[in-house]
Amino acid sequence: MAGKAKDETAQHLAVETQLVTAGRDPQRFDGFVNTPIVRGSTVLSPTVADLEGHTGRYTYGRRGNPTVEGLENAVTQLEGGAGTVLVPSGLAAVGLALLAALEAGDHLLMVDTAYQPTRRQCSTVLRKFGIETSFYDPLAGGDIAALFRPNTRAVFMESPGSQSFEMQDVPAIVAAAQAHGITTLMDNTWATPLYFRPLALGVDISIHAGTKYLGGHSDLNLGTITANERLYPRLRGLHGDLGMTVAPEDAFLAARGLRTMGVRLARHYESGLAIARWLSQRPEVLRVLHPALPDHPGHAIWKRDFTGASGLFSIVLKPVPKRAVDAFLDTLALFGLGYSWGGFESLAIPFDCSAYRTATQWEPGGPTVRLHIGLENTKDLTADLEKGFAALRAAS
Ligand SMILES: *Cc1c(COP(=O)(O)O)cnc(C)c1O
């Protein structure tokens, strides 16, 4: 950990600089630039008095580890909360945050456009513990207050929406929730703390699948949860009670990813927007679902609240048979077919939200494909997409 004077200086540094400096203390590790991978369970105390008095910096591997703590501190600095806990996946982060915010008998409002496994947790884990969930329209804004019940204790947001990219009016939802003493949580994975900082707008808990841009190299699963002063003690307590730990190797890799997140995201943003614009001119494409495009229905909110966009967005194709969409995807060579995103490489997957959304209708008007624009040259990517579209037309 950096000294106090150093921390105070850090608050005034630009976020790109903070990505480089946050959570590192070379002096503590004989000058080595990166916090080393410290493996260990047992931590020895020199005397009984030290053991019983917990005088050491660490007491047990599960309860604190220098590599893990370095990443926690870095994420806290970037998200601006009271503290961060790390968990083994983004989905575990969603679950632990919800369990920290809710108790048996409580009611949760979950955005209808949340990551699908997040929805599933509501009907499996939360239901099992006597927590009831209603799904709400992502466009609800301040009108969400009409859905509050006497036992509503939390509102969960994800903006833009998973797969379909609806933008939520976060300040309006936070204002409504705060007026009723309701906790707000947000899955901030898409924007990263570079482009959106939920806690600065009054959200109580911010969650990341560190698997995505934090790690940035498609080589790990990790989740982060950052909370404000009110909720952090409860979150840290539950994390400890459940015995959560992450491997120091994974924390090391995520910290390593963090150092270059500024330059990576700048490129994902630029290339993603360039390809989105290119796609919006294609005859095969009905609509591009990218909030940074001026014709996106959530563009005004994106412009007001966000400072950038990542490389993930979707397209709606003009109606064609499934075999044509499959031919398009099978022909792509630079876009891998696979789940997850946020790595250096481009990806494409077909999707259909109509099977599981309950508060909104999903009728996009044609087949839908989600794209992740990686760090490849955009000319190569558009050439690849062009070949895909030729195959799509041939199979139509
Ligand atoms: C991927 C993802 C998660 C889950 O992260 P895992 O590490 O795969 O569990 C949660 N939320 C969002 C928005 C995601 O994209």
Side-chain angles (χ1 to χ4, degrees), residues 71 75 79 84-99 108 110-122 124-126 135 138 156-168 170 184-196 198 203 205-226 239 244-247 249-251 253-254 257-258 261 265 268 272 289-291 298 306 309-314 336-349 351 353 356-357 369-374:
L71 180 61
V75 174
E79 284 282 320
T84 298
V85 298
L86 304 184
V87 289
S89 71
L91 188 59
V94 171
L96 190 78
L98 285 169
L99 290 176
L108 163 70
M110 170 60 67
V111 66
D112 202 35
T113 44
Y115 180 61
Q116 200 265 337
T118 295
R119 293 183 61 105
R120 202 184 129 76
Q121 276 188 343
C122 299
T124 56
V125 182
L126 297 187
F135 292 93
F156 192 102
M157 296 170 272
E158 182 178 332
S159 183
S162 194
Q163 320 274 46
S164 47
F165 297 89
E166 296 84 352
M167 294 300 299
Q168 295 197 256
V170 175
T184 48
L185 305 93
M186 179 158 176
D187 186 329
N188 192 32
T189 302
W190 183 82
T192 83
L194 278 167
Y195 295 150
F196 189 74
V203 175
I205 298 180
S206 175
I207 294 152
H208 286 280
T211 309
K212 310 291 166 54
Y213 287 119
L214 242 78
H217 293 75
S218 304
D219 54 6
L220 69 101
N221 280 100
L222 189 90
T224 76
I225 315 167
T226 305
H239 183 265
M244 292 278 183
T245 61
V246 301
E249 285 85 354
D250 288 344
L253 282 174
L258 202 64
M261 196 166 76
L265 261 290
H268 286 295
L289 311 177
H290 190 309
F306 287 59
S310 60
L312 191 78
F313 62 93
S314 292
L337 271 176
Y339 296 104
S340 203
W341 46 275
F344 47 77
E345 82 286 20
S346 290
L347 296 167
I349 50 161
F351 70 92
C353 311
Y356 53 84
R357 295 221 170 133
V369 172
R370 191 188 71 184
L371 299 173
H372 178 250
I373 305 304

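Whatever order the structure lists ligands and atoms in, that order sets their numbers, starting from 1. Quick caveat: nothing in here was measured; it's all calculated off a predicted structure.
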A.B. asks: For atom 2 (C) of ligand 1, what is the closest protein heavy atom, and at what distance to 0.1 Å?
C.D. replies: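 That would be K212 NZ, 2.4 Å.
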A.B. asks: Rounded to the nearest 0.5 Å, how far does OG1 of T113 lie from CZ of R357?
C.D. replies: 5.5 Å
A.B. asks: At what distance, to the nearest 0.5 angstrom, does CG of L96 lie from CD1 of I207?
C.D. replies: 9.0 Å
A.B. asks: Starting from atom 3 (C) of ligand 1, which protein heavy atom do you reach first, and at what distance in Å?
C.D. replies: Y115 CE2, 3.4 Å
A.B. asks: Less than 6.0 Å separating the ring centroids of F196 and F306?
C.D. replies: yes
A.B. asks: Rounded to the nearest 0.5 Å, what's the gap from OG on S310 to CG on L194? Could you check?
C.D. replies: 10.5 Å
A.B. asks: Can you name the salt bridge (Lys or Arg N to Asp or Glu O under 4.0 Å) partners of D187, sequence neighbours left out?
C.D. replies: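 So D187 forms no salt bridge (Lys or Arg N to Asp or Glu O under 4.0 Å) with any residue.
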A.B. asks: S89 heavy atoms, cut-off 4.0 Å: which ligand 1 atoms fall inside?
C.D. replies: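 So the answer, numbered in order with elements, is 7 (O), 9 (O).
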A.B. asks: Return yes or no for this condition: an N or O of S340 is under 3.5 Å from an N or O of ligand 1.
C.D. replies: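 Min N/O separation from ligand 1 is not below 3.5 Å for S340.
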A.B. asks: Between F344 and H217, what is the ring plane arrangement, given parallel below 30°, perpendicular above 60°, and tilted in between?
C.D. replies: perpendicular
A.B. asks: Can you find an N or O of L222 that's nearer than 3.5 Å to an N or O of ligand 1?
C.D. replies: no
A.B. asks: Give the residue and atom name of whichever protein heavy atom lies nearest to atom 9 (O) of ligand 1, and the separation in Å to one decimal.
C.D. replies: L91 N, 2.9 Å
A.B. asks: Distance check, rounded to the nearest 0.5 Å: E158 atom CD versus T118 atom OG1?
C.D. replies: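 Rounded to the nearest 0.5 Å, the CD-OG1 separation comes out at 6.0 Å.
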A.B. asks: Tell me, which protein residue and heavy-atom name are nearest atom 8 (O) of ligand 1, and how many Å apart are they?
C.D. replies: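 Heavy-atom neighbour on the protein nearest atom 8 (O) of ligand 1: N221 ND2, 3.7 Å.
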A.B. asks: Note the single closest protein heavy atom to atom 11 (N) of ligand 1, along with its residue, its atom name and the distance in Å.
C.D. replies: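 Checking every protein heavy atom, the shortest distance to atom 11 (N) of ligand 1 gives D187 OD2, 2.6 Å.
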A.B. asks: Do G90 and ligand 1 have an N or O pair less than 3.5 Å apart?
C.D. replies: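 Yes.
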A.B. asks: With rounding to the nearest 0.5 Å, note down the distance linking CE in M261 to NZ in K212.
C.D. replies: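 M261 CE to K212 NZ: 14.0 Å, rounded to 0.5 Å.
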A.B. asks: Looking at W341 versus Y213, is the centre-to-centre ring distance below 6.0 Å?
C.D. replies: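 Yes: the rings meet the under 6.0 Å criterion.
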A.B. asks: When you look for heavy atoms under 4.0 Å from ligand 1, do you find them on the side chain of W190, its backbone, both, or neither?
C.D. replies: neither
A.B. asks: For ligand 1, which atoms, with element, lie under 4.0 Å from some heavy atom of W341?
C.D. replies: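 Contacts of ligand 1 toward W341, numbered from 1: 15 (O).
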A.B. asks: Closer than 4.0 Å to some heavy atom of E158 - which atoms of ligand 1 meet that?
C.D. replies: 13 (C)
A.B. asks: Counting non-hydrogen protein atoms only, what is the nearest one to atom 7 (O) of ligand 1? Give residue, atom name and distance.
C.D. replies: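 Residue, atom and distance for the closest contact: T211 OG1, 2.5 Å.
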